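As the structure lists them, so they are numbered: ligands from 1, and atoms in each ligand from 1. Not measured: the values here are computed from a predicted model. Counting from 1, the numbers follow the sequence of the chain as shown.
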Amino acid sequence: GVDPPPRRSARTSGPRPYAEAMAVDRVLLCAPRGFCAGVEMAIKALAWMVRAFEPPVYCYHEIVHNQKVVSRFEDMGVVFVDDVTEVPPGAPLMLSAHGSAPEVVQAARDNGGYVVDAVCPLVTKVHHEVKVRAGKGYQIVYVGHEGHEEAVGTMAVAPDAIHLVETEEQVAALPDFDQPVALLAQTTLSHRDWDGVKEATRSRFPETWMPGRSDLCFATTNRQSALGQIADRCDTTIVIGSANSSNTRALEKLARDAGCPRVLRVNGVDEVPDDLTGTVGVTAGASAPEELVEAIIAHLAPVEGVEEVRYTDEDEYFPPPRSLRDLIDAVDLVATLTLGGPVADRPGLNDRQTKASDVLAALPTSR
Ligand code: SF4
């Protein structure tokens, strides 16, 4: 739970001085919110790369879609690139959580440096479905956002068999396929977008194959369900996250669709307006750090405190990418030796218990 901030006095009398302009009664704080298991894994993996190699470490695409996280790593000497050809031969390289096209993965390996692919396993699952269905001769209707890195990477698995759609109208405009049809999706869609396009596809192609569980990931689903519980009780909903974060945009859309009169997507506390009143809902997309949530709640200073509204407990955990595990062992051993600790009974890594937000906070601000 979150402790309520101290009650403010002078709430009812006279005009407020500037510093007292905010008149928020209550914050309803969604849980789960913020970092998902895939983002946790990717951030911790890049932090290991930074510890293991002299800068610069390269990262293909933003490790996750959050400016705060990206700039923390830039301060540590990580260089983010949108093309693997920008990486000097032999330099250490991480591939982002969104998943990369097969030819990008190959180009990264051919570059000759240490490569860690931090793709979320749930994105890998979709890549696998695309590969298998295309191999069986299906035409794939893929629901995703044009130009989003996850969609670009997934479509590149079978570019000749895949058709990107975002709307029901685009489903109606698809050709009549002679082949069987499969329906797959970007992991971070809004439920309403997904449901509409799913129904349109199934009515247009009644034999459509779908995976047993939809491709929308647990984190997307849980964050949306948590927000769905409170959005219609809020005068304003604040969704913390970047404009290029698909699951963040899905949260924003959900709050609007649920009838919340004012929905604000903000990168950080400096974008929160000072005129908020009444009940304010707060949530954060899967790539937004908890420190942003804390700063915003402190700024809102709700007189009646914070109520955390929990939809479910999320205990998913993704271990570090396989290619990183040996490196982690080596770095851990070197660190122990450097510190003069006993090698035989060094505590070892408890990666599951290590929080990416703590890892981020512990990174020095510059190198
Ligand atoms: Fe993986 Fe879902 Fe997180 Fe994306 S939002 S990184 S698919 S768990």
Side-chain angles (χ1 to χ4, degrees), residues 30-47 59-66 68-70 73 94-101 116-130 142-145 147-155 157 184-191 193-194 211 213-227 239-254 265 283-290 292-293 311-322 324 351-352 355-357 359-360:
C30 291
R33 64 179 173 276
F35 285 175
C36 61
V39 166
E40 286 271 332
M41 177 271 290
I43 289 175
K44 289 190 281 184
L46 187 53
C59 187
Y60 175 70
H61 287 153
E62 293 187 343
I63 180 73
V64 299
H65 282 150
N66 186 272
K68 184 119 195 156
V69 174
V70 166
F73 280 113
M94 170 153 290
L95 306 176
S96 84
H98 305 105
S100 306
V116 173
D117 190 350
V119 56
C120 176
L122 300 181
V123 177
T124 303
K125 168 182 168 277
V126 184
H127 282 209
H128 181 72
E129 288 162 352
V130 169
Y142 176 73
V143 192
H145 299 306
H148 187 282
E149 288 152 11
E150 180 184 329
V152 171
T154 302
M155 291 173 64
V157 174
L184 301 175
Q186 191 172 335
T187 56
T188 48
L189 300 179
S190 91
H191 271 287
D193 284 352
W194 162 242
R213 286 184 66 167
S214 91
D215 294 326
L216 271 61
C217 81
F218 70 92
T220 297
T221 306
N222 289 345
R223 279 152 193 68
Q224 289 181 31
S225 299
L227 184 57
V239 178
I240 307 167
S242 298
N244 58 350
S245 159
S246 168
N247 80 87
T248 303
R249 300 308 289 256
L251 290 168
E252 199 184 343
K253 195 166 200 305
L254 181 138
R265 187 199 52 76
T283 188
S287 42
E290 183 68 6
L292 298 176
V293 177
Y311 170 71
T312 185
D313 286 319
E314 208 169 70
D315 57 5
E316 280 79 2
Y317 164 73
F318 299 144
R322 190 173 299 279
L324 192 65
D351 187 76
R352 184 189 276 267
K355 294 268 150 262
S357 50
V359 171
L360 272 182

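- At a cut-off of 3.5 Å, with distance as the only test, no side-chain donor of Q186 or H145 sits close to an acceptor on the other residue.
- Of all the atoms in ligand 1, the ones that sit under 4.0 Å from a non-hydrogen atom of C120 are 1 (Fe), 6 (S), 7 (S), 8 (S).
- At a heavy-atom cutoff of 4.0 Å, ligand 1 is contacted by no atom of A97, backbone or side chain.
- Remark: minimum distance from atom 4 (Fe) of ligand 1 to any protein heavy atom is reached at T187 OG1, 4.0 Å.
- The closest side-chain heavy-atom distance from L227 to C30 is below 4.5 Å.
- Side-chain contact check for T187 versus L216: every heavy-atom pair is 4.5 Å or farther apart.
- Although no hydrogens or angles enter the test, the distance criterion places no donor-acceptor pair under 3.5 Å between the side chain of T220 and the main chain of N247.
- Inclusion of C217 in the first shell of atom 2 (Fe) of ligand 1 is supported: an N, O or S atom falls under 2.8 Å.
- For the 3.5 Å distance criterion, the side chains of E150 and H98 fail to qualify, holding no donor opposite an acceptor.
- In terms of protein heavy-atom proximity, atom 8 (S) of ligand 1 is closest to C36 SG, 3.7 Å.
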